[in-house]
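Here the structure comes first, spelled out in structure tokens, and everything after it is commentary.
Below, chains carry the letters A, B, ... as their sequence lines are ordered, and counting in each starts from 1.
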2 protein chains.
Amino acid sequence: MDEKAAVAVFECLSSGVRLGVFRLLVKAEPVGIVAGDIATALDIAPSSLSFHLRTMTQAGLLRVEQEGRFLRYRANLGLMSEVVGFLTENCCSGVAGGCRDADILSGRIPGCGSSNPARESKA
Amino acid sequence: MDEKAAVAVFECLSSGVRLGVFRLLVKAEPVGIVAGDIATALDIAPSSLSFHLRTMTQAGLLRVEQEGRFLRYRANLGLMSEVVGFLTENCCSGVAGGCRDADILSGRIPGCGSSNPARESKA
DNA sequence: TCCACATTTCCAAATTTGTTGAAATATCGT
DNA sequence: ACGATATTTCAACAAATTTGGAAATGTGGA
């Protein structure tokens with residue numbers, strides 16, 4: 001996953017509305033939810049929801065499938081796991097040696113907080 | 001980590017500039033970088049950078065420390081790991097049984113793709 | 001074919017973000 | 001104390017996002 005794709009996903013998640021949509025769809029896995037029902041559940045104007053749905057689908061976060069005159073949306077969990085991977089890598093890279101998930105999740109990263117930070121500024 | 005805090009972090013990461021700043025600071029761990037040097041490295045106007053730095057700091061993604069007339073910024077890896085946790089939980093919740101990180105990272109989530117999705121719409 | 005319905009597209013207004021240059025604040029070195 | 005430097009704050013502006021209503025599109029049922 002490249003930075004550009006990551007930014008697109010974060011853009012999606014950076015709106016309360018869209019994050020709400022995504023969380024709702026994750027809970028609704030693997031069935032998914034039809035657009036109108038999302039609008040009802042989250043109390044969003046259809047036209048406004050459609051706008052967000054399009055954004056999220058374009059970012060690859062959602063999958064659509066036509067079902068008669070309904071459109072059923074589903075969360076793309078695979079992409080989300082890629083995002084987690086991106087974040088995990090970018091969380092650790094550059095830090096001494098091998099920081100594993102467990103190290104980070106546990107709070108403190110060994111050997112990453114007590115050096116002698118010398119200024120390397122130019123002035 | 002609540003949804004509100006998560007949205008704030010995603011807002012930070014949803015800008016190419018800010019994601020660039022964060023990645024730079026992650027690489028610069030545990031020393032951190034002084035504001036002016038970030039501006040130079042990323043070629044951003046000081047005033048504009050300051051704007052982003054403030055946003056990111058308010059979201060808790062960055063830590064600041066004064067060093068003479070310099071301000072040294074560091075990435076808050078702890079918060080980032082919380083975000084990863086938030087994402088992981090929201091990626092799996094509602095899906096049958098115990099989806100672990102490994103299950104997701106490996107790509108396919110067992111038992112989450114072959115049911116018989118019946119419509120539950122109201123119309 | 002005609003009507004009802006689900007959803008999207010279009011459009012204009014409101015809101016939010018991001019950028020810039022100038023001025024303010026604060027610290028260092030002399 | 002003074003001048004130079006680092007960074008922020010401020011104000012104005014440009015640009016992007018978000019919203020909701022009306023109209024268009026497409027599907028299904030009678």
Side chain of [X] (C-beta onward), nearest among [options]:
X	options	value
B:Ser15	C:dG18, D:dC10, C:dC10	C:dG18
A:Ala45	C:dT7, C:dT19, D:dG20	D:dG20
A:Val17	D:dG20, D:dT19, C:dG21	D:dT19
A:Arg69	C:dC10, C:dA6, C:dT7	C:dA6
B:Val34	D:dA6, C:dT20, C:dT9	D:dA6

What integer distance in Å separates [X]:[atom1] from [N]:[atom2]?
X	N	atom1	atom2	value
A:Leu71	D:dG26	CG	P	12 Å
A:Asp37	C:dA6	CG	P	9 Å
A:Arg18	C:dT16	CZ	C1'	13 Å
A:Ile44	C:dT7	CD1	C1'	14 Å
A:Phe70	D:dT27	CZ	C1'	10 Å
B:Leu42	C:dG18	CG	P	15 Å
B:Leu19	C:dG18	CG	P	13 Å
A:Leu49	C:dA6	CG	C1'	12 Å

For [X] and [Y], indicate whether the former's side chain and the latter's backbone hold a donor-acceptor pair under 3.5 Å.
X	Y	result
B:Ser14	B:Glu11	yes
A:Ser50	A:Pro46	no
A:Gln66	A:Gly68	yes

Determine whether B:Leu13 and A:Leu13 make a side-chain contact, defined as any pair of heavy atoms from C-beta on separated by less than 4.5 Å.
no
Do the non-hydrogen side-chain atoms of B:Tyr73 and B:Thr57 ever get within less than 4.5 Å of each other?
yes
Test side chain to side chain contact (heavy atoms under 4.5 Å, CB included) applied to B:Val64 and B:Leu53, step by step:
CA-CA 9 Å; B:Val64 195; B:Leu53 253 22; over 6 Å; no
Presence of A:Tyr73 side-chain N/O under 4.0 Å of C:dA6 phosphate oxygens OP1/OP2:
no
Have a look at A:Arg74 and tell me which of A:Glu29, A:Glu67, A:Glu65 forms a salt bridge (Lys or Arg N to Asp or Glu O under 4.0 Å) with it.
A:Glu65
As a check of understanding: the bend across the helix from C:dT1-D:dA30 to C:dT30-D:dA1, end axes from five pairs, rounded to 10 degrees, works out to 30°
For B:Ala28 against B:Ile33, the heavy-atom pair lying closest together:
CB-CG1, 3.4 Å
Derivation and outcome, side chain to side chain contact (heavy atoms under 4.5 Å, CB included), residues B:Val21 and B:His52
CA-CA 9 Å; B:Val21 169; B:His52 292 296; 5.6 Å; no
Can you list, in residue-number order, the parts of residues 50-66 of chain A that come under 4.0 Å of DNA chain C, counting heavy atoms only?
A:Ser50, A:Arg54
Do A:Ser48 side-chain and D:dG20 base share a donor-acceptor contact under 3.5 Å?
no
Are there over 12 heavy-atom neighbours, none belonging to A:Asp2, within less than 6.0 Å of that residue's CG?
yes
